[in-house]
There are 2 protein chains.
Amino acid sequence: MAGILRRSGLKATHPRIALLNVIAESSAPVSAQEAAKRVGKKMDQATIYRAFNTLKSKKIIRQVDLRHNHAHYELFDYDDHHHMICISCGKVEDISGCEVESMYSAFLRAARSFATIEQHSLEFYGVCKTCAEKTQRKTHTIA
Amino acid sequence: MAGILRRSGLKATHPRIALLNVIAESSAPVSAQEAAKRVGKKMDQATIYRAFNTLKSKKIIRQVDLRHNHAHYELFDYDDHHHMICISCGKVEDISGCEVESMYSAFLRAARSFATIEQHSLEFYGVCKTCAEKTQRKTHTIA
DNA sequence: AAATAAATGCGAATTATTTGCATTTAAATC
DNA sequence: GATTTAAATGCAAATAATTCGCATTTATTT
């Protein structure tokens, strides 16, 4: 992680490295709260938010919004994956494989006022198996 | 608008109707702040947020997240459109036409822990023509 | 017109994110 | 390795976003 930071002209500080490790090790995008919990050494929330913002501006991480009313972040790994979010319990799963990038130029033609497309995000909202089972069980229980 | 509300079992109140009109008339998803400004009669912010939440739960509107650190909402019209967001100035444009829904079943097979997909959101992040021109002008200006 | 559950407004509380400033620290230089 | 310095951190306080409790009002039902 230190190398990544230095290559972007950032100082390889302990808090940043710890934060990047947390993000890298997580299987789903991480919120400020979660990051605070998972970073061993207590890291001030201001530092977390500042790190999110600088890492985002250097395209080391990218912001992901999941309709949870607070931001999440994941590594900006350039691989083309997206997210499934359970509208019942909020669980998030990464899934991979889509061809949206290959359609950038077509979408750009359709957009009147845009010059370039640089990223996209694709989120699916549905019900996870756990919640689906619970609902079914509830239904069966009705007198 | 009154009919839509009543059909969902909601009272057709003035604040809600005014809010729905604002959302319907906007060409891009609306935030709480924008809604507050555009609704003629002063509508309390708590009322706005409560309306957003009840309308969302009834699938009359849907939440849209644009990496702006606050939520936006648009009519839940079931048509398959998405958004372009300028990473420089934040401008948002709706564009239409994609075939993501036709790929739901394939994505569902790829997702280990999900039972259903009910919605998706697809956002493109790029640079609008206005910002692109500004940047170019700046570049040209460099000694 | 009266009854009633639902919705609003207001104020205050939470939660999310940012800012100012004194102190610390990574990296560059000697 | 010690010195220097700009960048980053921590702390406290500020601002923004969202929610909550409760008394009052209002859309619907009777």
Side-chain angles (χ1 to χ4, degrees), chain A residues 1-23 29-58 60-74 90 92, chain B residues 1-23 29-58 60-74 90 92:
Chain A
M1 291 304 170
I4 297 175
L5 290 165
R6 291 199 196 94
R7 256 169 265 138
S8 297
L10 298 174
K11 284 165 80 166
T13 65
H14 271 300
R16 279 179 184 159
I17 291 168
L19 180 62
L20 276 178
N21 281 333
V22 165
I23 297 173
V30 174
S31 69
Q33 286 246 348
E34 290 160 1
K37 264 182 221 149
R38 294 192 207 166
V39 172
K41 328 242 165 138
K42 333 221 156 182
M43 190 174 167
D44 193 78
Q45 53 172 16
T47 307
I48 292 177
Y49 283 107
R50 276 189 286 234
F52 278 155
N53 283 330
T54 45
L55 295 173
K56 174 165 76 160
S57 74
K58 297 293 184 182
I60 296 170
I61 62 174
R62 114 183 86 200
Q63 183 173 345
V64 178
D65 285 350
L66 307 168
R67 298 185 189 171
H68 284 180
N69 287 352
H70 55 257
H72 289 73
Y73 293 87
E74 66 181 10
V92 179
Chain B
M1 292 303 169
I4 296 175
L5 290 165
R6 290 201 195 92
R7 256 169 264 137
S8 297
L10 298 175
K11 284 166 79 165
T13 65
H14 272 298
R16 279 178 184 160
I17 291 166
L19 180 61
L20 277 178
N21 282 332
V22 164
I23 297 173
V30 174
S31 69
Q33 285 246 348
E34 290 160 2
K37 264 182 221 151
R38 294 192 205 166
V39 171
K41 329 241 166 142
K42 334 220 156 185
M43 191 174 166
D44 192 79
Q45 53 173 16
T47 309
I48 291 178
Y49 283 107
R50 276 188 287 235
F52 278 154
N53 282 330
T54 45
L55 295 173
K56 175 164 77 160
S57 74
K58 296 295 185 184
I60 296 169
I61 62 174
R62 117 182 86 200
Q63 184 172 347
V64 179
D65 285 352
L66 307 169
R67 300 187 188 168
H68 284 179
N69 288 351
H70 55 258
H72 289 74
Y73 293 87
E74 65 182 11
V92 180

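The model shown is predicted, which means the values in this text are computed figures rather than measured ones. Chain A is the first sequence line, chain B the second, and so forth, proteins listed ahead of strands; every chain is numbered from 1.
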Exercise. Of Thr13(A) and Thr47(B), whose closest DNA chain D nucleotide lies nearer the 5' terminus?
Worked result: Thr13(A)

Problem set entry | 5' priority, DNA chain D, between His14(B) and Asp44(B) [closest heavy atom] |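 Upstream on the strand: Asp44(B).
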
Side chains of [X] and [Y]: closer than 4.5 Å at any heavy-atom pair?
{"X": "Asn21(B)", "Y": "Met1(B)", "value": "yes"}
{"X": "Arg16(A)", "Y": "Leu10(A)", "value": "yes"}
{"X": "Ile23(A)", "Y": "Leu19(A)", "value": "yes"}
{"X": "Pro15(B)", "Y": "Val39(B)", "value": "no"}
{"X": "Arg6(A)", "Y": "Lys11(A)", "value": "no"}
{"X": "Tyr73(B)", "Y": "Val30(B)", "value": "no"}

Problem set entry | Start and end of the DNA chain D segment that chain A contacts, any atom under 4.0 Å from a heavy atom | dA6(D) to dT19(D)

Exercise. With nearest nucleotides of DNA chain C determined for Gln63(A) and Ala12(A) from heavy-atom distances, which residue corresponds to the more 5′ nucleotide?
Worked result: Gln63(A)

For this session: Verify, without hydrogens or angle tests, whether Asp65(A) (side chain) and Arg67(B) (backbone) share a donor-acceptor contact under 3.5 angstrom.
Result: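 Checking the backbone N and O of Arg67(B) against the side chain of Asp65(A), a donor-acceptor pair under 3.5 Å is found.
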
Side-chain polar contacts of residues 46-56 of chain A - donor-acceptor pairs under 3.5 angstrom, sequence neighbours left out - could you list them?
residue	atom	partner	partner atom	Å
Asn53(A)	ND2	Tyr49(A)	O	3.4
Thr54(A)	OG1	Arg50(A)	O	3.0
Thr54(A)	OG1	Ala51(A)	O	3.2
Lys56(A)	NZ	Gln63(A)	OE1	2.7

Exercise. What distance separates Ser31(A) OG from Leu66(A) CG, expressed to the nearest 0.5 Å?
Worked result: 9.5 Å

Problem set entry | Partners passing ring-ring contact (aromatic ring centres under 6.0 Å, His included) against His14(B) (at least two apart in sequence or in another chain) |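 Per chain and number, His14(B) pairs via ring-ring contact (aromatic ring centres under 6.0 Å, His included) with no residue.
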
Exercise. Which atom names give the shortest non-hydrogen contact between Ala12(B) and Leu5(B), and what distance separates them?
Worked result: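 For Ala12(B) and Leu5(B), the tightest heavy-atom pair comes out as CA-CD1, 3.8 Å.
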
Exercise. At their closest point, which heavy atom of Ser8(A) faces which heavy atom of Ile60(A), and how far apart are they?
Worked result: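 Nearest heavy atoms, Ser8(A) then Ile60(A): OG-CD1, 3.6 Å.
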
Atom pair distance, as rounded to whole Å: [atom1] in [X] and [atom2] in [N]:
{"X": "Ile48(A)", "N": "dA16(C)", "atom1": "CD1", "atom2": "C1'", "answer": "12 Å"}
{"X": "Leu10(A)", "N": "dA27(C)", "atom1": "CG", "atom2": "P", "answer": "10 Å"}
{"X": "His70(B)", "N": "dT18(C)", "atom1": "NE2", "atom2": "P", "answer": "12 Å"}
{"X": "Gln45(B)", "N": "dG9(C)", "atom1": "CD", "atom2": "P", "answer": "12 Å"}

Seminar exercise, completed: Contact check, residues 29-39 of chain B vs DNA chain C, heavy-atom distance under 4.0 Å, returns none

Exercise. Do the ring planes of His70(A) and His72(A) sit parallel (below 30°), tilted (30 to 60°) or perpendicular (above 60°)?
Worked result: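 Rings of His70(A) and His72(A): tilted, 30 to 60°.
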
Problem set entry | Overall bend - the helix from dA1(C)-dT30(D) to dC30(C)-dG1(D), comparing terminal axes fitted on five pairs, nearest 10 degrees |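 One end's axis against the other's: 40°.
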
Exercise. In residues 49-57 of chain B, which ones come under 4.0 Å of DNA chain D, going by heavy atoms?
Worked result: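 Those residues are Tyr49(B), Arg50(B), Asn53(B).
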
